[in-house]
Amino acid sequence: MRAQSSATGPTAIAVDGPGTESGARSLGTVQAALGVVAFSLTFPATAWGLEGFGPWSLIAVRSILAAVIAGGCLLALRVPVPERRHWLGLAVVGAGVVLGFPLLTTLALQTSTTAHAAVVVGLLPLTTALLSALRIGTRPSRTFWIAALAGAAAVIAFTVQQSGGALTAADAYLFGALLVCAAGYTEGGRLARVMPGWQVIGWALVLCLPVTVPMAAVALSFEPVHLTAHGVAGLLWVSVGSQFLGLVVWYRGMAAIGIPKASQLQLAQPLLTLVWSVLLLGEHLTVAAPLTAAAVLVCIAVTQRARG
């Protein structure tokens with residue numbers, strides 16, 4: 001039987017029997033997992049970046065650098081401008097993923113530890129799955145929701161315990177970041193079904209340039225810059241790793257395995273973030289870490305097997 005493509009472009013999935021479809025889903029899972037690894041470094045890299053840049057400068061400059069890379073790729077490959085019907089979705093991706101989430105979490109990290117900020121990441125998979133159900137009509141099974149809620153509860157309990165159970169003023173930023181990022185992920189995953197994932201984030205970054213360029217000019221004139229090795233390394237990672245490459249593989253993964261299942265892989269992100277925090281920032285973990293990690297891995301396995 002001749003293979004038939006279910007989509008066009010790099011995100012196409014050729015269907016030629018259960019084996020081929022299973023392989024495509026496995027590849028999508030790997031791509032989404034690579035995105036999670038990239039995102040898990042965002043908070044520690046942001047903490048490094050704040051050593052050399054002010055919060056507004058860091059957000060604006062990281063977005064501009066990522067937009068330059070993405071725009072260069074779009075021009076070099078002569079990618080046509082998306083159809084008008086896709087621009088609203090791209091604007092939501094830009095507002096949520098390019099601007100909203102980085103800005104709100106960076107402001108929160110000025111007074112919050114990375115462990116406390118990881119509470120947002122623990123809630124993000126559940127929020128993304130919920131918005132996906134409302135926006136594009138996905139209906140995960142009851143087993144999926146039970147496992148997702150259990151995993152989210154485990155992550156929240158662990159991260160709150162790590163931060164001593166205290167709530168800070170930064171929580172308003174964090175919960176706001178949770179909502180805007182989930183909206184951006186949902187729209188990005190939907191668009192990645194009709195165009196390659198790297199083009200989704202690429203056009204969203206370019207679309208935000210009229211906002212980020214003036215923001216950078218104003219912020220850099222008011223916020224002092226102290227170039228340090230940590231500051232530059234943090235800026236480069238959040239620009240290239242988190243803001244562009246991580247989102248490229250993340251959206252490709254979501255297009256292949258679906259938004260709800262891909263989002264559940266993020267249950268492991270807070271734990272990865274805490275590991276990087278120990279290695280890069282010198283923070284300390286408790287004995288609860290391996291127990292929580294085991295619980296989260298079980299929940300991820302259940303959600304990946306559940307059928308919506």
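Here Leu149 contributes atom CG and Ile146 contributes atom CD1; the two are 8.0 Å apart, rounded to the nearest 0.5 Å. The structure places OG1 of Thr105 at 11.0 Å from CD of Gln110, a figure rounded to the nearest 0.5 Å. Residue Leu191 holds its CG atom at 11.0 Å from OG1 of Thr186, rounded to the nearest 0.5 Å. The CZ atom of Arg193 sits 9.5 Å away from atom CE of Met254, with the distance rounded to the nearest 0.5 Å. Remark: Met215 CE to Ser63 OG distance equals 7.5 Å, nearest 0.5 Å. From His86, atom NE2 reaches atom CH2 of Trp203 across 12.5 Å, with rounding to the nearest 0.5 Å.
A search for ring pair (Phe, Tyr, Trp, His ring centres under 6.0 Å) contacts involving Phe43 returns nothing, not counting sequence neighbours. With sequence neighbours excluded, the residues satisfying salt bridge (charged side-chain N to carboxylate O under 4.0 Å, His left out) with Arg85 are Glu83. The side-chain contact (heavy atoms from CB on, under 4.5 Å) test applied to Leu41 returns Trp237, Trp276, Leu280, not counting sequence neighbours. With sequence neighbours excluded, the residues forming a side-chain contact (heavy atoms from CB on, under 4.5 Å) with Leu207 are Trp87, Leu90, Ala91, listed by chain and number.
The number of heavy atoms from other shown groups lying within 6.0 Å of CZ (Phe39) is above 12.
Here the options are Leu58, Ile59, Thr228, Thr46, the test is side-chain contact (heavy atoms from CB on, under 4.5 Å), and the partner is Phe53; only Leu58 passes.
Using a 4.5 Å cut-off on side-chain heavy atoms (C-beta onward), Val298 and Val296 make no contact. In this structure, Val36 and Trp250 have side chains that are in contact, with non-hydrogen atoms separated by less than 4.5 Å. Using a 4.5 Å heavy-atom cutoff, the side chains of Asp171 and Leu174 are in contact. At a threshold of 4.5 Å between non-hydrogen side-chain atoms, the residues Val275 and Leu279 count as touching. Residues Gln243 and Val98 meet the side-chain proximity criterion, which asks for heavy atoms closer than 4.5 Å. A 4.5 Å side-chain heavy-atom check between Leu65 and Val240 finds every atom pair outside the cut-off. Within the 4.5 Å cutoff, side-chain heavy atoms of Leu103 are placed close to those of Trp56. Side-chain atoms of Arg62 and Ser242, non-hydrogen and from C-beta on, do get closer than 4.5 Å to each other.
Contact detail for Gly202 and Ala70: the closest heavy-atom pair is CA-CB, 3.6 Å. In terms of heavy atoms, Gly100 sits closest to Val180 at C-CG2, 3.9 Å. Considering all non-hydrogen atoms of both residues, Val200 and Gly188 come closest at CG1-CA, 4.0 Å. Residues Ala177 and Leu104 come closest through the heavy atom pair N-CD1, 3.3 Å. Among all heavy-atom pairs drawn from Ala32 and Leu265, the shortest one is CB-CD1, 3.6 Å. Across all their heavy atoms, Leu124 and Cys181 have their closest contact at CD2-SG, 3.9 Å.
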Problem set entry | Test log, rule side chain to side chain contact (heavy atoms under 4.5 Å, CB included), inputs Leu227 and Val225 | CA-CA 6 Å; Leu227 294 181; Val225 174; 3.8 Å; yes
For this session: Please test Thr114 against Thr273 for side chain to side chain donor-acceptor pair (under 3.5 Å), starting from the C-alpha separation and ending with a verdict.
Result: CA-CA 8 Å; Thr114 56; Thr273 297; over 6 Å; no
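Tracing side-chain contacts under 4.5 Å through hydrophobic residues (I, L, V, M, F, W, Y), one reaches Leu245 starting from Val61; they form part of the same cluster. Under a hydrophobic clustering in which Ile, Leu, Val, Met, Phe, Trp and Tyr are joined whenever their side-chain heavy atoms come within less than 4.5 Å, directly or via other members, Leu179 and Val155 fall into different clusters. Val218 and Ile64 fall into different hydrophobic clusters, where Ile, Leu, Val, Met, Phe, Trp and Tyr residues are linked whenever their side-chain heavy atoms come under 4.5 Å apart, directly or through other members. Linking ILVMFWY residues whenever their side-chain heavy atoms come closer than 4.5 Å, directly or via other members, leaves Leu99 and Leu88 in distinct clusters. Linking Ile, Leu, Val, Met, Phe, Trp and Tyr whenever their side-chain heavy atoms come within less than 4.5 Å puts Ile156 and Tyr173 in one cluster.
Hydrophobic clustering, defined by side-chain heavy atoms of Ile, Leu, Val, Met, Phe, Trp and Tyr closer than 4.5 Å, groups Leu34 together with Val30, Val249. Leu75 belongs to no hydrophobic cluster with other residues, because no ILVMFWY side-chain heavy atom falls under 4.5 Å from its own, directly or through intermediates.
Judged purely by atom type and a 3.5 angstrom limit, Glu51 has no side-chain atom pairing as donor or acceptor with the backbone of His230. Proximity of a side-chain donor or acceptor of Thr212 to a complementary backbone N or O of Cys208 within less than 3.5 Å is detected.
Under the 6.0 Å cut-off for aromatic ring centres, Phe244 and Trp198 do not qualify, their centroids lying 6.0 Å or more apart.
Side-chain atoms of Ser40 and Gln269 include no donor-acceptor pair closer than 3.5 Å.
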